[in-house]
Amino acid sequence: MKSPHPTIGGLLRSLRARNKWTLKQMSERSGIPLSTLSKIEHDRLSLTYDKLQQLSERLNIRMSELFAEETVNGGAPTVTARRSIGRVRDAVRIDGKNYESFYLCPELRHKRMTPAVTHLRARSLDEFGPYARNSGEEFVYVLEGTVVLHTEFYDPLPLQRGESVYIDANMGHAYVIGADSEAATIMTVSASDDDQGALEALMAAQGTR
């Protein structure tokens, strides 16, 4: 069944179409084998954060450009009066070890903030693994369940539905499901001095599945 959300494969196809690259040219530029790239474009494979970062570097484009859908005006960024309505059905879904995230407003480029709705998976710091560390700052608002924020400098912080926290994302941190909840969902808004850092602040902690 076709995903209701924009997919990495679909976004890569749009990127390739914008640049008028053949599949072979995209493979040569990205360093991804042609057969693998074809599977990704047809949503039979996905990419981890590390591979997305590698793709961004080899194509010499910002990470956020990978998540921007093709626009009718050629994609030229505007600097004022921008508006984007964030709907989960239009979000880009990234499935990771610790989080399932839906990146909102993917059509906007050169964002200073990166919003997402994220379902947590880990129930303990041991299950989560090494702390996430990213450039910039991060605001988190609990939508459902109880969340425990672990950081390297503070005691674990339980957060109930409707509560929020603002942190320096360079500090080691991890969000896990509280012991009294079956599931937990948060809204994250990450910000950095550049859109690459803002996207990293959300994606680096995804882990791999």
Side-chain angles (χ1 to χ4, degrees), residues 1-72 74-75 77 87-111 114-122 127-136 169 174 188 190 192 194-209:
M1 179 183 296
K2 183 177 175 60
S3 171
H5 306 284
T7 63
I8 294 296
L11 295 174
L12 286 185
R13 284 196 304 274
S14 294
L15 175 66
R16 188 162 61 82
R18 288 199 299 272
N19 289 279
K20 299 180 180 179
W21 294 332
T22 65
L23 196 64
K24 182 179 180 180
Q25 288 172 325
M26 180 79 155
S27 173
E28 292 171 347
R29 289 171 179 271
S30 65
I32 299 174
L34 193 148
S35 60
T36 301
L37 186 60
S38 177
K39 290 178 182 178
I40 294 169
E41 287 201 0
H42 288 87
D43 298 322
R44 294 197 294 269
L45 282 179
S46 188
L47 288 173
T48 64
Y49 171 76
D50 289 342
K51 293 297 184 183
L52 286 170
Q53 189 174 45
Q54 176 183 310
L55 182 66
S56 170
E57 291 171 354
R58 290 192 174 182
L59 295 179
N60 195 30
I61 60 175
R62 293 174 180 269
M63 184 84 80
S64 59
E65 293 295 295
L66 297 177
F67 286 79
E69 296 185 273
E70 189 170 8
T71 55
V72 296
R87 297 187 175 96
V88 171
R89 68 173 182 265
D90 299 324
V92 174
R93 176 178 175 268
I94 298 293
D95 198 14
K97 170 180 174 288
N98 295 313
Y99 307 128
E100 178 190 26
S101 293
F102 295 85
Y103 293 88
L104 303 170
C105 310
E107 76 280 5
L108 289 183
R109 306 184 186 200
H110 305 290
K111 294 192 286 289
T114 303
V117 173
T118 298
H119 304 304
L120 308 188
R121 287 204 164 101
E127 182 182 351
F128 187 94
Y131 281 127
R133 302 172 189 273
N134 321 108
S135 63
T188 60
S190 296
S192 180
D194 60 85
D195 58 338
Q196 177 85 349
L199 190 57
E200 287 177 355
L202 278 169
M203 291 191 63
Q206 292 292 328
T208 58
R209 287 179 65 79

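Side-chain atoms are counted along with the backbone in the values below, which use heavy atoms only and exclude waters and symmetry mates. Here, residue 1 is the first one in the sequence, and each next residue gets the next number. Just so you know, these numbers come straight off a predicted model, no measurement behind them.
- Taking all atoms of both residues into account, the shortest heavy-atom contact from R121 to Y99 is NH1-O, 3.3 Å.
- The two atoms that bring E127 and N98 nearest to each other are O-OD1, 4.1 Å, heavy atoms only.
- From I32, atom CD1 reaches atom CD1 of I40 across 4.5 Å, with rounding to the nearest 0.5 Å.
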ask   = Stepwise, does the side chain to side chain contact (heavy atoms under 4.5 Å, CB included) test hold for K39 with T36?
value = CA-CA 5 Å; K39 290 178 182 178; T36 301; 5.7 Å; no
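- A distance of 11.0 Å separates OG of S14 from CG of N19, quoted to the nearest 0.5 Å.
- Within the 4.5 Å cutoff, the side chain of L15 has heavy atoms near those of the M26 side chain.
- Among residues two or more places apart in sequence or in another chain, the side-chain contact (heavy atoms from CB on, under 4.5 Å) test is passed with L23 by R16, L34, L37, S38, E41.
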task = Let me see the working for V88 and R93 under side chain to side chain contact (heavy atoms under 4.5 Å, CB included), right down to the final yes or no.
result = CA-CA 9 Å; V88 171; R93 176 178 175 268; over 6 Å; no
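- Annotation: side-chain contact (heavy atoms from CB on, under 4.5 Å) contacts of Q25 (sequence neighbours excluded): W21, T22.
- Across P130 and F128, no two heavy atoms sit closer than the pair O-CE2, 3.4 Å.
- Considering CZ of R87 and CG of L104, their distance stands at 11.0 Å, rounded to 0.5 Å.
- To the nearest 0.5 Å, atoms CZ (F102) and OG1 (T188) are separated by 12.5 Å.
- Residues S101 and T118 share a closest heavy-atom pair of OG-OG1, 2.9 Å.
- For P33 against S27, the heavy-atom pair with the smallest separation is C-OG, 3.6 Å.
- Shortest non-hydrogen contact noted between A174 and Y131 is N-CD2, 4.0 Å.
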